[in-house]
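All values derive from a computational prediction rather than experimental measurement.
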Amino acid sequence: MTLTIPGFDHVRLPGTDGVELAAAVGGSGSPVVLLHGFPQTHLMWRHVAERLAGEHTVICPDLRGYGASDKPEATGPEVYSKRTMAADIVALAAALGHERFALVGHDRGALVAFRAGLDHPETLTHLGILDVVPTLDMWDVLHGVPAAVGYHLFLMAQPPGLPETMIANSADAYFGSFLDAWAADPAALPEPVRAEYLRASAAAVPSIVADYRASAGIDVTHDQADRDAGSQLAMPVTVVQQDWGAQLGYDASAVWRAWAPDLDHRLTRAGHFMAEEAPDDIAGAIRDLLSR
């Protein structure tokens, strides 16, 4: 049985191209959509969603290819491009009656949110980003031995076949390694939650790999086109991340400011799974963003 956010309705809604997305929906007020990261599902937002639901309609979907959402075959690179995945989210929100909404994403969901901000500026009122840099910049900052922290990016960028086989043959060890390495507070991922992430990820190996493979190809092409055109995010943007700049030798706030003129950039002492490790801080950052 899929674990979901207590007190929220669990629904299925249309994305694009016939794909349906599973989502947890709760609360009332102005809409906020929260997008999960890897190797997780919408469940990662459980604490933050409950904190925001008294003031907002909170919508937490599983991205296409993840959790209980549809997992279409990657018949071409566009199927799991962040452009397509962002269009899913716009369609899902519209199906709930929201033509404009705030969007916050973590990890893979943050890359979808970034693309949504560039492709749908008339739709997003505010944009929140947790613990990534844009895809184009991500590849630029991964250099030398410190880049080993992102080995999975290179593995899943390989042509179809080998990555899927390797990961499927050791799914719990593979996905569990990220849950272990990236959590500064392991207690934030209690066993039932961890088991749900492992179960959902093992059931979605081809689509998860396709999502990452897109970020070594078509997503880079889309980002480069926007950089060449001088495109920027038009809405208020808040970025919360670990101090990756210090670890990898770049200025993270400068990277983001090039894309987001109206930027609030924050560092956290929490681990990568900050919405679960420091939900009060993340809910507070989202409230601050929505007040701008």
Side-chain angles (χ1 to χ4, degrees), residues 1-53 56-72 79-117 119-120 123-130 132 193 196-197 199-201 203-204 207-208 210-211 214 273 275-276 279 282-283 286:
M1 180 178 176
T2 299
L3 291 184
T4 190
I5 299 171
F8 277 44
D9 295 327
H10 199 249
V11 299
R12 292 188 68 82
L13 296 164
T16 58
D17 303 322
V19 168
E20 288 191 346
L21 304 182
V25 182
S28 61
S30 61
V32 181
V33 179
L34 306 177
L35 304 181
H36 67 86
F38 162 92
Q40 298 174 289
T41 70
H42 75 278
L43 186 63
M44 64 152 283
W45 289 110
R46 61 198 180 280
H47 302 312
V48 172
E50 290 170 347
R51 284 161 170 77
L52 296 178
H56 301 281
T57 299
V58 183
I59 305 160
C60 303
D62 288 334
L63 297 168
R64 73 159 57 195
Y66 289 80
S69 289
D70 287 352
K71 302 169 182 64
V79 175
Y80 286 94
S81 74
K82 301 311 150 296
R83 174 159 287 160
T84 298
M85 296 170 81
D88 281 341
I89 302 308
V90 172
L92 174 146
L96 289 170
H98 305 299
E99 298 300 325
R100 284 173 57 77
F101 57 91
L103 182 60
V104 181
H106 173 255
D107 188 81
R108 306 306 292 172
L111 299 179
V112 176
F114 171 73
R115 177 45 53 191
D119 286 359
H120 304 277
T123 301
L124 299 195
T125 61
H126 302 80
L127 179 63
I129 300 289
L130 303 187
V132 298
V193 171
E196 174 66 5
Y197 293 157
R199 182 203 62 77
S201 296
S207 50
I208 290 174
D211 166 35
F273 303 114
E276 292 164 287
I282 298 306
I286 294 171

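- Taking the side chain as every heavy atom from C-beta outward, T84 and V79 never approach each other to under 4.5 Å.
- Minimum heavy-atom separation, F273 to F38: CE2-O, 4.1 Å.
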In a table with atom names and distances, give each donor-acceptor pair under 3.5 Å that connects a side chain of residues 15-25 to protein atoms at least two apart or in another chain.
{"unit_1": "T16", "atom_1": "OG1", "unit_2": "R64", "atom_2": "NH2", "d": "3.3"}
{"unit_1": "T16", "atom_1": "OG1", "unit_2": "D88", "atom_2": "OD1", "d": "2.7"}
{"unit_1": "E20", "atom_1": "OE1", "unit_2": "R12", "atom_2": "NE", "d": "3.1"}

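- When atom types are taken as modelled, the side chain of R51 and the backbone of H47 share a donor-acceptor pair closer than 3.5 angstrom.
- Between the CG atom in L130 and the CD1 atom in I282 there is a gap of 5.0 Å [rounded to 0.5 Å].
- With rounding to the nearest 0.5 angstrom, the NE2 atom of H120 is 8.0 Å from the CZ atom of F101.
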Exercise. I would like to know whether L34 and I286 meet side-chain contact (heavy atoms from CB on, under 4.5 Å); could you show each step before the answer?
Key: CA-CA 10 Å; L34 306 177; I286 294 171; 4.3 Å; yes

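- When every heavy atom of A110 is checked against every heavy atom of V132, the shortest pair comes out as CB-CG2, 3.5 Å.
- Looking at residues two or more places apart in sequence or on another chain, you find a ring-ring contact (aromatic ring centres under 6.0 Å, His included) between Y66 and H36.
- Put simply, the side chain of R46 gets close to the backbone of L43: a donor and an acceptor are under 3.5 Å apart.
- Expressed to the nearest 0.5 Å, how far NZ of K82 lies from CZ of R108 amounts to 5.0 Å.
- Of all non-hydrogen atoms in Y197 and P39, the two that sit nearest each other are CB-O, 3.4 Å.
- Minimum heavy-atom separation, I5 to C60: CD1-SG, 3.8 Å.
- Contact between L103 and A116 at its shortest, heavy atoms only, is CD2-CB, 3.7 Å.
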Practice problem: Begin with the C-alpha distance, continue with both residues' side-chain angles, and end with the deciding distance and a verdict on side-chain contact (heavy atoms from CB on, under 4.5 Å) for D107 and Q40. | Solution: CA-CA 10 Å; D107 188 81; Q40 298 174 289; 5.8 Å; no

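- With sequence neighbours left out, H10 forms a ring-ring contact (aromatic ring centres under 6.0 Å, His included) with H42.
- For the atom pair OG1 (T41) and CG (L3), the distance works out to 8.0 Å, reported to the nearest 0.5 Å.
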Practice problem: Evaluate the criterion side-chain contact (heavy atoms from CB on, under 4.5 Å) for residue pair M85 and L35; output intermediate values, then yes/no. | Solution: CA-CA 11 Å; M85 296 170 81; L35 304 181; over 6 Å; no

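- Here the closest heavy-atom approach between residue G26 and residue F8 is recorded as N-CD2, 3.3 Å.
- Here the side chain of T57 pairs a donor or acceptor atom with the backbone of G29 at under 3.5 angstrom.
- Rounding to the nearest 0.5 angstrom, the gap separating the CD atom in E50 from the CH2 atom in W45 is 13.5 Å.
- Remark: D9 CG to T4 OG1 distance equals 9.0 Å, nearest 0.5 Å.
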